[in-house]
Amino acid sequence: MQDMSIYGAAQQTPQQSWSKDSQPEAAAAAAEEAASLPTLLSEKEEEGKNLVEMIRDAQEKAEAQREAMKMPKSSTRYGDAPLEAYARLARARNRMEVNAASGYARRRLTQFKTALRTDSDNAAKIKAAISQLQKAVNRGEKKKRELDRERLTEVRRKRAAKEERREQEQRLRQELRRRKSQRMIRESGYLREAEISDRLASHLTATQMELRQQAQDLTASAAASMESVVQQYSAVTAAASAPAVPADAGFSGLA
């Protein structure tokens, strides 16, 4: 029995010695983990805050762009200028009136080229109007040549009528009537062309604005979803990184 007691005491002595030696190491490890925990938590919180701020900035920019789109930048009806230029050109009966119509088209051309740099939302409409106004200037030069030919034809017709060359006078009358009729048909076609061009440009502008609005709405929605994810991630990280009672605390207290 005495031998068994000695053997049992021999077994208990190393265990007690290990427990006493391991307590300082465990306490040191627990202290080091507790010391590093606030730093890790602050880094996670800082990362979450930075991401949230980036998302909020993106949302504010998207909202500002939407508000800017709602505000009309210009009330100018760009498609009206080509129609007016062609209407003046159609009413012109001599070179002076044609020059006046061409002058109007040139002035509007200068204005619209300046507007193209300041009103980017209506760029399609402005470009279409510029193209039609340039055509109006060129067609004004063409009309002056046509008026000159018609005037010469009329002079020849009057001479034939005065000399009683009825057959030639009749032929020249028909030719003059045909020239004027063809010119009027072309000029009415100019008006329809300008109207169609403005409609196409308006449709293109509306489509571009709608696509831009959809893209901004999608960006804002994605930013809102990302912010929600970041908030959930920050909450889970904070909960997971919260200080916990060390496992050795109870054991050390008993010791």
Side-chain angles (χ1 to χ4, degrees), residues 72-211:
K73 291 188 177 181
S74 175
S75 60
T76 304
R77 291 171 56 97
Y78 296 105
D80 290 349
L83 292 174
E84 177 63 23
Y86 284 134
R88 295 188 181 194
L89 188 62
R91 292 194 300 267
R93 292 293 178 265
N94 52 55
R95 294 179 66 91
M96 186 179 296
E97 293 178 355
V98 173
N99 287 333
S102 298
Y104 169 82
R106 289 191 180 93
R107 290 192 300 272
R108 301 299 282 173
L109 262 175
T110 303
Q111 294 173 359
F112 287 0
K113 287 179 180 179
T114 302
L116 188 60
R117 296 190 294 268
T118 59
D119 191 1
S120 58
D121 287 343
N122 292 309
K125 292 182 179 181
I126 298 173
K127 289 179 180 179
I130 288 175
S131 176
Q132 289 298 318
L133 288 170
Q134 186 61 59
K135 288 181 179 179
V137 173
N138 297 335
R139 288 164 175 171
E141 297 299 317
K142 181 180 179 180
K143 181 167 184 176
K144 286 192 291 186
R145 294 192 297 269
E146 291 177 338
L147 290 175
D148 289 341
R149 286 195 293 267
E150 291 175 8
R151 184 175 57 81
L152 291 175
T153 303
E154 177 65 15
V155 170
R156 292 171 57 194
R157 185 197 67 80
K158 288 182 178 180
R159 184 183 301 170
K162 184 177 180 180
E163 295 176 357
E164 297 185 351
R165 290 179 291 173
R166 300 189 180 277
E167 183 176 351
Q168 184 179 5
E169 190 268 339
Q170 186 67 22
R171 180 178 58 81
L172 292 172
R173 185 189 296 274
Q174 292 177 355
E175 180 181 351
L176 184 61
R177 187 181 296 116
R178 177 180 59 81
R179 287 179 181 275
K180 289 183 178 180
S181 177
Q182 290 178 349
R183 178 170 54 79
M184 292 175 64
I185 291 173
R186 282 197 304 271
E187 290 171 352
S188 63
Y190 297 159
L191 290 168
R192 288 195 298 270
E193 178 185 331
E195 184 178 358
I196 292 172
S197 177
D198 181 57
R199 288 181 181 179
L200 291 175
S202 298
H203 179 71
L204 178 59
T205 300
T207 302
Q208 290 175 343
M209 297 287 283
E210 183 178 358
L211 291 175

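What you see is a predicted model, and the numbers here were worked out from it, not measured in a lab.
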| query | salt bridge (charged side-chain N to carboxylate O under 4.0 Å, His left out) with Arg157: which of Glu150, Glu169, Glu167? | reply | Glu169
| request: Determine whether Val98 and Leu147 make a side-chain contact, defined as any pair of heavy atoms from C-beta on separated by less than 4.5 Å. | output: yes
| Do any N or O atoms from the side chain of Ser120 and from the backbone of Leu116 form a donor-acceptor pair under 3.5 angstrom? | no
| query | Hey, is CZ on Arg165 packed in by over 12 heavy atoms from elsewhere, all under 6.0 Å? | reply | yes
| request: Evaluate the side-chain contact (heavy atoms from CB on, under 4.5 Å) criterion for residues Arg159 and Lys162: first the C-alpha distance (whole Å), next the side-chain angles of each, then the deciding distance (0.1 Å), finally the verdict. | output: CA-CA 5 Å; Arg159 184 183 301 170; Lys162 184 177 180 180; 5.6 Å; no
| Over all atoms of both residues, closest heavy-atom pair of Ala85 and Ala101 | O-CB, 4.4 Å
| query | Rounded to the nearest 0.5 Å, how far apart are CZ of Arg149 and CZ of Arg183? | reply | 11.0 Å
| Counting only heavy atoms not in Glu163, do more than 12 sit closer than 6.0 Å to its CD atom? | yes
| message | Can you tell me how far apart CZ (Arg156) and CG (Leu176) are? Round to the nearest 0.5 Å. | response | 11.0 Å
| task | Give the minimum heavy-atom separation between Thr205 and Ala124, together with the two atoms involved. | result | OG1-CB, 3.6 Å
| Flag if over 12 foreign heavy atoms under 6.0 Å of NZ, Lys127 | no
| message | Could you tell me if the side chain of Leu200 sits less than 4.5 Å from the side chain of Ile196, heavy atoms only? | response | yes
| Pairwise distance CD(Glu154) to CZ(Arg173) - rounded to 0.5 angstrom | 8.0 Å
| Gln174 side chain reached by Arg178 side chain, heavy atoms, under 4.5 Å | no
| Between CD of Glu193 and CG of Leu83, what distance do you get to the nearest 0.5 Å? | 11.0 Å
| task | Indicate yes or no for a side-chain donor-acceptor contact from Arg93 to the backbone of Ala90 under 3.5 Å, with no hydrogens or angles considered. | result | yes
| field | Derivation and outcome, salt bridge (Lys or Arg N to Asp or Glu O under 4.0 Å), residues Lys143 and Glu187 | value | CA-CA 10 Å; Lys143 181 167 184 176; Glu187 290 171 352; 2.9 Å; yes
| message | Looking at Lys144 and Glu141, is any side-chain nitrogen of the basic one under 4.0 Å from a carboxylate oxygen of the acidic one? | response | yes
| Just by modelled atom types, is the Leu204 backbone N or O under 3.5 Å from a matching donor or acceptor in the Lys125 side chain? | no
| In terms of the angle between their ring planes, are Tyr78 and Phe112 parallel, tilted or perpendicular, with boundaries placed at 30° and 60°? | perpendicular
| request: Any chance you could measure Thr153, atom OG1, to Arg177, atom CZ, to the nearest 0.5 Å? | output: 13.0 Å
| For the student: nearest non-hydrogen atoms of Leu133 and Leu109, plus distance | CB-CG, 3.7 Å
| said: Would you say that Glu146 contacts Arg179 through its side chain, given a criterion of any heavy-atom pair below 4.5 Å between the two side chains? | reply: no
| said: Using modelled atom types and a 3.5 Å cut-off, is there a donor and acceptor pairing between side-chain atoms of Asn99 and backbone atoms of Arg95? | reply: yes
| field | Any donor-acceptor N/O pair, Ser131 side chain to Ala128 backbone, under 3.5 Å | value | no
| said: Donor-acceptor check, side chain of Tyr86 to backbone of Gln132, threshold 3.5 angstrom: yes or no? | reply: yes
| said: Distance check, rounded to the nearest 0.5 Å: Lys113 atom NZ versus Ile126 atom CD1? | reply: 13.0 Å
| field | Validation row: Arg199, His203 side chains within 4.5 angstrom (heavy atoms) | value | no
